[in-house]
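First the proteins, then the strands, lettered A, B, ... as listed; each starts at 1. The model shown is predicted, which means the values in this text are computed figures rather than measured ones.
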2 protein chains.
Amino acid sequence: MAAARVRSGGRPTLEEVAARAGVGRGTASRVINGSPRVSAQTREAVEAAVAELGYVPNRAARALAGNRTDAIALVVPESETRFFAEPYFSDIVRGVGAALADTEMQLLLTLAGNDRERRRLAQYLTAHRVDGVLLVSVHADDPLPDLLEQLGMPSVISGRRHAAEMLPSVDSDNFEGARAAVDHLISRGRRCIATITGRLDVYGAQRRLDGYRKAVAAAGLDPDERLIAPADFSEEGGARAMRELLARRPDVDAVFAASDVMAAGARQVLRESGRRIPDDVSLVGFDDSAVARHMDPPLTSVRQPIEEMGRTMTRVLLQEIAHRSSGESPQDRPRIVLPTELVVRESS
Amino acid sequence: MAAARVRSGGRPTLEEVAARAGVGRGTASRVINGSPRVSAQTREAVEAAVAELGYVPNRAARALAGNRTDAIALVVPESETRFFAEPYFSDIVRGVGAALADTEMQLLLTLAGNDRERRRLAQYLTAHRVDGVLLVSVHADDPLPDLLEQLGMPSVISGRRHAAEMLPSVDSDNFEGARAAVDHLISRGRRCIATITGRLDVYGAQRRLDGYRKAVAAAGLDPDERLIAPADFSEEGGARAMRELLARRPDVDAVFAASDVMAAGARQVLRESGRRIPDDVSLVGFDDSAVARHMDPPLTSVRQPIEEMGRTMTRVLLQEIAHRSSGESPQDRPRIVLPTELVVRESS
DNA sequence: CCACCTCTTGGGAGCGCTCCCAAGCCTACG
DNA sequence: CGTAGGCTTGGGAGCGCTCCCAAGAGGTGG
């Protein structure tokens with residue numbers, strides 16, 4: 001067993017694996033990359049060498065030679081990681097991680113603050129070369145999607161900016177979720193149903209409002225615009241909106257808040273006004289977060305399959321990348337909508 | 001303006017920048033890496049070329065040539081990302097991101113499930129070559145820290161496994177936080193104070209218990225072991241522990257739970273037993289999570305500076321990496337403890 | 001028996017960058 | 001006026017891998 005050249009410090013290289021297996025570098029590479037053009041015997045020899053040496057390919061070298069990186073970036077608006085504190089963020093990551101588990105792909109986490117940073121980011125993403133980008137929480141005026149589109153960077157977006165989004169997208173069914181929530185309130189005999197919306201430049205918030213409108217209209221209820229109060233997803237905003245609502249329509253008997261946190265704000269105001277939940281006013285939230293479960297009374301809420309959204313986004317992105325590199329032009333921009341589920345608790 | 005060789009597809013390379021600036025490749029590299037051994041004039045010329053060409057260094061090439069990666073990994077036990085759903089996870093990431101903001105470092109997110117995966121992970125981390133590792137939520141029997149230590153990989157750990165941890169660590173002051181919580185209960189006139197602990201193989205949980213014991217002893221209260229109920233950080237576990245507590249010492253007049261979620265479980269059981277909070281029993285949690293703010297009554301809780309922990313861990317890691325690469329032997333293993341803060345609400 | 005394939009295989013040519021040596025230039029000093 | 005020494009500078013030699021061409025081996029048909 002000639003102890004060939006034993007490199008003192010570093011990890012074994014392809015060349016060493018090849019030498020150990022008694023084959024050429026090219027052949028070893030073929031085995032490691034699963035090319036079919038290798039005899040079974042050779043393959044075995046190389047695989048044995050890999051095992052013995054504990055060889056792991058050097059990513060940087062691969063990236064440089066192969067002009068790819070085996071890495072994707074998850075871009076999160078930094079300003080919102082806190083807003084994401086509710087399961088959202090970690091569940092997305094879980095989902096992405098799960099989908100990546102038996103891949104060689106790495107996950108790069110990129111926090112981008114303001115729009116300027118996001119613009120710079122696009123540069124980086126292409127220069128630092130990730131193979132694809134996952135975008136979450138995109139606002140109507142976010143330049144990033146267009147930039148990525150132009151750069152031809154495979155990307156998947158969650159929370160479409162608008163219906164005409166060019167990028168593949170994965171979303172939960174905000175419309176149906178909202179509709180189900182309102183239908184539920186109607187089935188409870190409520191007739192004067194208000195809604196507190198999120199920031200309407202977030203597509204999902206708009207869709208939730210649409211769902212509300214649809215359900216109200218379908219039930220033949222009075223579609224009073226005064227029953228619609230805009231807010232910003234914050235607890236304080238929810239409280240403020242609830243006060244407005246109460247001032248405009250004191251006879252309100254149900255509220256659909258577009259997030260649990262806003263519902264929490266609304267609950268506070270309803271309490272202070274002497275109204276009981278759900279006796280006087282029914283309350284429904286959205287997200288089914290920890291806040292919902294621990295509210296008093298526990299909050300009926302619309303659950304989104306967040307982890308699955310992460311999984312699905314990733315799967316779609318990997319496909320997109322595969323297509324792109326195999327030269328196919330992806331005709332169909334996948335546009336996936338995952339179902340939501342109403343979780344009924346005591347607040348309604 | 002001789003249009004030199006204009007590469008059709010790709011981004012500009014160092015070579016092109018050099019040509020544009022009329023200097024050699026080596027010189028261009030020096031400017032870009034901020035070497036002082038360049039004349040001001042040359043520097044300007046290169047910088048201009050960089051700007052004009054929109055040059056961004058190729059990471060893979062750098063990594064390959066320089067034998068470093070400009071990337072660090074944040075290792076999260078996958079099994080716990082959900083447990084992390086409370087601000088923890090996202091706040092840590094925020095902190096890390098903030099500390100990395102004006103660095104060239106990238107953040108790699110690594111979810112590792114079980115111990116076997118974590119073992120494999122160590123391989124990957126060295127082979128895929130990250131420059132350093134951030135470890136959060138480490139259990140007593142986790143093999144990863146030792147592996148990283150052996151491999152000589154710069155690492156920083158949060159939540160030390162045991163006091164004798166070899167790696168640099170950043171932690172919040174669980175001991176003082178717990179003590180402050182119990183002192184607060186004592187100052188409220190409580191005399192029979194119980195505690196619900198987290199998994200004691202998590203260092204922080206152990207420290208919280210230590211803090212409880214210390215405060216009880218210092219106040220000269222009866223240190224009855226029956227007032228200590230172990231649980232697992234879960235709501236259900238908290239409820240179970242509370243039931244045991246009530247069975248053993250029905251006269252309990254205060255409970256310090258080592259997490260808000262467990263406090264929520266305890267609250268439920270206390271309610272069911274007909275006890276009022278805080279009139280009959282005071283309740284204090286730990287984490288100051290959303291659950292605490294929205295509980296009924298709002299929960300007094302110990303806040304940890306999680307985002308700052310992320311920031312600090314990262315800073316320490318970057319220093320560690322810098323030392324390592326400049327050949328200094330890091331004499332002192334930083335061991336940083338960040339202060340906690342008691343947030344008093346109506347539950348106590 | 002030879003031309004022509006197909007299947008494997010080896011290894012050269014880079015990918016874009018950092019490291020480092022040697023060369024060129026200038027200043028200062030003997 | 002010659003020479004040593006300090007600054008800058010250019011560019012060769014890889015880093016470890018993938019891509020791809022050409023060559024060898026074995027088989028087949030005319």
Side-chain angles (χ1 to χ4, degrees), chain A residues 5 7-46 49-50 53-70 104 126-129 131 325-327, chain B residues 5 7-46 49-50 53-70 104 126-129 131 325-327:
Chain A
R5 181 174 50 119
R7 294 158 45 83
S8 44
R11 309 192 63 79
T13 69
L14 221 212
E15 197 90 43
E16 286 162 351
V17 170
R20 184 92 147 111
V23 303
R25 178 168 32 78
T27 304
S29 174
R30 254 165 250 137
V31 171
I32 284 159
N33 293 291
S35 156
R37 339 212 88 269
V38 184
S39 71
Q41 190 183 355
T42 307
R43 177 179 308 281
E44 260 174 50
V46 173
V50 165
L53 262 33
Y55 171 75
V56 183
N58 178 314
R59 261 207 146 81
R62 259 196 173 158
L64 185 56
N67 198 40
R68 61 182 172 132
T69 60
D70 292 331
E104 284 287 81
T126 43
H128 290 174
R129 307 213 58 77
D131 295 341
S325 64
S326 68
Chain B
R5 180 174 49 117
R7 293 159 45 85
S8 42
R11 309 190 63 79
T13 69
L14 221 212
E15 197 91 44
E16 287 162 351
V17 170
R20 184 92 148 111
V23 303
R25 178 167 34 78
T27 304
S29 174
R30 255 165 251 138
V31 171
I32 283 158
N33 292 292
S35 157
R37 341 212 89 272
V38 185
S39 71
Q41 190 182 355
T42 307
R43 177 180 308 282
E44 259 174 50
V46 173
V50 166
L53 263 33
Y55 170 77
V56 182
N58 178 314
R59 260 207 148 80
R62 257 193 175 164
L64 184 56
N67 197 42
R68 62 185 170 129
T69 60
D70 293 331
E104 283 287 80
T126 43
H128 288 175
R129 306 213 60 77
D131 295 339
S325 64
S326 68

In whole Å, what is the span from the [atom1] atom of [X] to the [atom2] atom of [N]?
| X | N | atom1 | atom2 | answer |
| --- | --- | --- | --- | --- |
| B:Arg30 | D:dG10 | CZ | C1' | 8 Å |
| B:Leu14 | D:dG12 | CG | P | 15 Å |
| B:Glu16 | C:dG16 | CD | C1' | 10 Å |
| B:Ile32 | C:dC19 | CD1 | P | 13 Å |
| B:Arg11 | C:dG16 | CZ | C1' | 14 Å |
| B:Asn33 | C:dC20 | CG | C1' | 14 Å |

Search all heavy atoms of [X] against all heavy atoms of [Y] and return the closest pair with its distance.
| X | Y | answer |
| --- | --- | --- |
| B:Pro12 | B:Glu16 | CA-OE1, 2.9 Å |
| A:Arg30 | A:Arg37 | CD-O, 4.1 Å |
| A:Ser35 | A:Val38 | O-CG2, 3.9 Å |

Next on the checklist: Tell me which one of B:Val31, B:Ile32, B:Val56 satisfies side-chain contact (heavy atoms from CB on, under 4.5 Å) with B:Val50.
Outcome noted: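 Testing B:Val50 for a side-chain contact (heavy atoms from CB on, under 4.5 Å) against B:Val31, B:Ile32, B:Val56 leaves exactly one candidate, B:Ile32.
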Checklist entry - Below 4.0 angstrom from OP1 or OP2 of C:dC17, is there any side-chain N or O of B:Ser29? => result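 Checking B:Ser29 against C:dC17: no side-chain N or O falls below 4.0 Å of OP1 or OP2.
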Checklist entry - Do the side-chain N or O atoms of B:Asn58 get closer than 4.0 angstrom to the phosphate oxygens (OP1, OP2) of C:dC15? => result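 Result: no.
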Checklist entry - How bent is the helix from C:dC1-D:dG30 to C:dG30-D:dC1, comparing axes over its five end pairs at each side, to the nearest 10°? => result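 Comparing the first five pairs with the last five, the axes sit 60° apart.
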Checklist entry - What residues in residues 36-44 of chain A put a non-hydrogen atom under 4.0 Å from any atom of DNA chain C? => result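 Residues of residues 36-44 of chain A that come under 4.0 Å of DNA chain C are, in numerical order, A:Arg37, A:Val38, A:Ser39, A:Thr42.
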Checklist entry - With sequence neighbours excluded, what pairs up with B:Ala49 under the side chain to side chain contact (heavy atoms under 4.5 Å, CB included) test? => result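 Once residues adjacent in sequence are excluded, the partners of B:Ala49 under the side chain to side chain contact (heavy atoms under 4.5 Å, CB included) criterion are B:Val17, B:Arg20, B:Ala21.
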Item to check | By side chain to side chain contact (heavy atoms under 4.5 Å, CB included) - contacts of A:Ala28 (at least two apart) | outcome: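 A:Ala28 satisfies side chain to side chain contact (heavy atoms under 4.5 Å, CB included) with A:Leu14, A:Ala18, A:Val23, A:Val46 only.
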Item to check | Of the listed nucleotides D:dG16, D:dA13, D:dC19, the one nearest the side chain of A:Arg25 | outcome: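 Per side-chain heavy atoms of A:Arg25, the pick is D:dC19.
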Checklist entry - So which nucleotide from C:dG16, D:dG10, C:dG10 ends up closest to the side chain of A:Val23? => result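 Among the listed nucleotides, the one closest to the side chain of A:Val23 is C:dG10.
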Next on the checklist: Nearest 0.5 Å, please: how far is CZ in A:Arg11 from OG1 in A:Thr13?
Outcome noted: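 One gets 12.0 Å once the value is rounded to the nearest 0.5 Å.
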Checklist entry - Between A:Glu44 and A:Gln41, is there a donor-acceptor pair closer than 3.5 Å when you use the side chain of the first and the backbone of the second? => result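 Such a contact is absent between A:Glu44 side chain and A:Gln41 backbone.
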Next on the checklist: Tell me which residues in residues 59-70 of chain B lie within less than 4.0 Å of DNA chain D, going by non-hydrogen atoms.
Outcome noted: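 DNA chain D contact set from residues 59-70 of chain B: B:Leu64, B:Ala65.
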Distance-only donor-acceptor pairs under 3.5 Å for side chains of residues 58-68 of chain A, two or more places apart:
residue: A:Asn58; atom: OD1; partner: A:Ala60; partner atom: N; Å: 2.8
residue: A:Asn58; atom: OD1; partner: A:Ala61; partner atom: N; Å: 3.0
residue: A:Arg59; atom: NH1; partner: B:His128; partner atom: ND1; Å: 2.6
residue: A:Arg59; atom: NH1; partner: B:His128; partner atom: NE2; Å: 2.9
residue: A:Arg59; atom: NH2; partner: A:Asp70; partner atom: O; Å: 3.3
residue: A:Arg59; atom: NH2; partner: A:Glu104; partner atom: O; Å: 2.1
residue: A:Arg62; atom: NH2; partner: A:Asn33; partner atom: OD1; Å: 3.1
residue: A:Arg68; atom: NH1; partner: A:Asp70; partner atom: OD1; Å: 3.3

